[in-house]
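Just so we're on the same page: letters track the sequence lines, and every chain starts at 1.
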2 protein chains.
Amino acid sequence: MRRDVFQAIADPTRRAIIALIALQAMTPNAIADNFNSTRQAVSKHLRILTECKLVKQEYRGREIYYSLEIEKMKEVDKWLEQYRKIWETRFDQLDNILTKINKQKK
Amino acid sequence: MRRDVFQAIADPTRRAIIALIALQAMTPNAIADNFNSTRQAVSKHLRILTECKLVKQEYRGREIYYSLEIEKMKEVDKWLEQYRKIWETRFDQLDNILTKINKQKK
DNA sequence: AATTTGGGAAACCGAATAGTTGCATTTATA
DNA sequence: TATAAATGCAACTATTCGGTTTCCCAAATT
């Protein structure tokens, strides 16, 4: 089964879960309270997030606290890096053109 | 049908297509040459990428040149922004701790 | 000890996904 | 003008996905 960060963040519910637990660790029940779907559905999402290492668990008694594994998010950032280079270059080019136009006006 | 950037980049083939056409515009046939699947399969991916505005088309005779709509990629960057803040903060905190330790040594 | 609570796992279901083959359409070429 | 090439679209298929319901187990509470 393919299980990478990109597939994990494709689902809007999972992105919402990520946003929730980014601030503080939460139990599945607490997370599920924020959604209309069942706890089991949330549990499934958590499993997917755990499998691709986007989330880590901390056992405390019978409760499990889930929190974001921020390091894994950098993978998306790393992938984006190559495209960021492109749009920055293009912005620079546009900037150069605008500078030239301004100089001509003066 | 849900059709956003996150769903678009979830598929590895689509990410490969994006990487290909980021450098220069390409026709479906030329793109398909780089994959094992059929031209039609690639065409479907291109349709999805077009629908979510990640890709733009340029008609030239009977050929269609596809190229990356780099602006749309910024949406992912924007989403990532909030998490970048988190990992930069954590890095700063770690940095502060290391600085303190170094000062204590001296 | 009996009951409640927190959470995972399995079985099932409908919809979406990614691929295929086949066909239609438009443009270029012989 | 007949044919080849470039492409999109539709129908079909197997698999995955996201959700539900049901059930089980371990930890807490009474």
S.K.: Have a look at A:Y66 and say if it touches a base, only the backbone sugar-phosphate, or nothing, with a 4.0 Å heavy-atom cut-off.
M.R.: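 The answer is sugar-phosphate, as A:Y66 gets under 4.0 Å only of primed atoms, P, OP1 or OP2.
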S.K.: With a 4.5 Å cut-off on side-chain heavy atoms, are A:W79 and A:V5 touching?
M.R.: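 The answer is no; the side chains never approach within 4.5 Å.
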S.K.: Does the side chain of B:S43 get closer than 4.0 angstrom to OP1 or OP2 of D:dG8 through an N or O atom?
M.R.: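 True: B:S43 side-chain N/O within range (under 4.0 Å) of D:dG8 OP1/OP2.
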S.K.: Go along nucleotides 24-30 of chain C 5' to 3' and tag each nucleotide: B for a protein heavy atom under 4.0 Å from its base, S when only backbone or sugar atoms are that close, - otherwise.
M.R.: ---BS--
S.K.: In whole angstrom, give the distance that lies between atom CD of A:E51 and atom P of C:dG8.
M.R.: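 Distance check: A:E51 CD to C:dG8 P gives 12 Å.
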S.K.: Starting at the 5' end of DNA chain D and moving along, which residue's nearest nucleotide shows up first, A:R14 or A:Q40?
M.R.: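 Taking each residue's closest nucleotide, the earlier one in sequence belongs to A:R14.
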S.K.: B:F35 versus B:I17: any side-chain heavy-atom pair under 4.5 Å?
M.R.: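 Side-chain contact under 4.5 Å: yes.
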S.K.: Under 3.5 Å, side chain of A:S43 to main-chain N/O of A:R39, donor-acceptor pair present?
M.R.: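 Not confirmed, A:S43 side chain does not pair with A:R39 backbone.
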S.K.: I want to confirm an ordering. Mapping B:T27 and A:K44 to their closest nucleotides on DNA chain D, which one lands closer to the 5' end?
M.R.: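 Nearer the 5' end of the strand: B:T27.
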S.K.: Report the nucleotide, chosen from D:dT7, D:dG19, C:dG7, that has the shortest atom-to-atom distance to any side-chain atom of B:P28.
M.R.: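 Nearest nucleotide to the side chain: D:dT7.
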S.K.: What is the nucleic acid contact for A:F35, judged by heavy atoms within less than 4.0 Å: base, sugar-phosphate only, or nothing?
M.R.: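 Answer is nothing: A:F35 stays at 4.0 Å or more from every strand.
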S.K.: Flag yes if B:Y65 and B:V42 sit in one hydrophobic cluster, no otherwise; membership is Ile, Leu, Val, Met, Phe, Trp, Tyr, and two members link when side-chain heavy atoms are under 4.5 Å apart.
M.R.: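 No; B:V42 is not reachable from B:Y65 via cluster members.
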S.K.: Can you identify which nucleotide, out of D:dT20, C:dG8, C:dT20, has its nearest atom closest to the B:A41 side chain?
M.R.: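 Output: C:dT20.
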S.K.: Round to the nearest Å and state the distance from B:Y59 atom OH to D:dA5 atom C1'.
M.R.: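 Rounding to the nearest Å, OH of B:Y59 and C1' of D:dA5 are 17 Å apart.
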S.K.: Below 4.0 angstrom from OP1 or OP2 of D:dT20, is there any side-chain N or O of A:T38?
M.R.: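 It does, given that an N or O in the side chain of A:T38 lies less than 4.0 Å from OP1 or OP2 of D:dT20.
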S.K.: Could you tell me whether the side chain of A:R14 and the main chain of A:L49 form a donor-acceptor pair under 3.5 Å?
M.R.: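 No; zero donor-acceptor contacts below 3.5 Å.
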S.K.: Describe, as an angle rounded to 10 degrees, how the axis at the first end of the helix from C:dA1-D:dT30 to C:dA30-D:dT1 is tilted relative to the axis at the last end, five pairs per end.
M.R.: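 The end-segment axes of the helix from C:dA1-D:dT30 to C:dA30-D:dT1 are tilted 10° relative to each other.
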S.K.: Roughly how many Å is it from CZ in A:F6 to P in D:dC17, rounded to a whole number?
M.R.: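 In whole Å, D:dC17 P lies 16 Å from A:F6 CZ.
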S.K.: Counting only side-chain nitrogens and oxygens, does B:H45 get under 4.0 Å of the OP1 or OP2 atom of C:dG19?
M.R.: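 Looking at the OP1 and OP2 atoms of C:dG19, one of them is under 4.0 Å from a side-chain N or O of B:H45.
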S.K.: Holding to side chain to side chain contact (heavy atoms under 4.5 Å, CB included), I want the full list of residues that pass it with A:K56, two or more places apart in sequence or in another chain.
M.R.: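 Side chain to side chain contact (heavy atoms under 4.5 Å, CB included) check on A:K56 returns A:S67, A:E69.
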S.K.: Is the phosphate of C:dG19, meaning OP1 or OP2, less than 4.0 Å from a side-chain N or O of B:T13?
M.R.: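 Answer yes for this pair, as a side-chain N or O of B:T13 is under 4.0 Å from OP1 or OP2.
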S.K.: Could you state the atom-to-atom distance from CD1 of B:I48 to P of C:dT17 in whole Å?
M.R.: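 Rounded to whole Å, this separation is 7 Å.
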S.K.: When the distance from CG of A:N29 to C1' of C:dG8 is rounded to whole Å, what number comes out?
M.R.: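 Checked: the CG to C1' distance equals 12 Å.
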S.K.: Between B:K78 and B:E81, is there a side-chain N and carboxylate O pair less than 4.0 Å apart?
M.R.: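 Here B:K78 does not pair with B:E81 in a salt bridge, since their nearest N and O are not under 4.0 Å apart.
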S.K.: In whole angstroms, how far is the C1' atom of C:dA16 from the CD atom of A:Q7?
M.R.: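 In whole Å, C:dA16 C1' and A:Q7 CD are 13 Å from each other.
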S.K.: Send over the distance from A:R47 CZ to D:dT16 C1', rounded to a whole Å.
M.R.: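 Interatomic distance, CZ of A:R47 to C1' of D:dT16: 13 Å.
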S.K.: Check the distance between C:dA18's P and B:I17's CD1 and give it to me in whole angstrom.
M.R.: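 The answer, rounded to whole Å, is 11 Å.
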S.K.: Donor-acceptor pair, A:Q24 side chain versus A:I21 backbone, under 3.5 Å?
M.R.: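 No, the answer is negative, given that no donor and acceptor are paired below the 3.5 Å cut-off.
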S.K.: Under a 3.5 Å distance rule, please check whether A:D77 uses its side chain to pair with a backbone N or O of A:M73 as donor and acceptor.
M.R.: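 Here the side-chain-to-backbone pair does not exist.
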S.K.: Can you tell me how far apart CD1 (B:I31) and NE2 (B:H45) are? Round to the nearest 0.5 Å.
M.R.: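 One finds 11.5 Å between CD1 of B:I31 and NE2 of B:H45.
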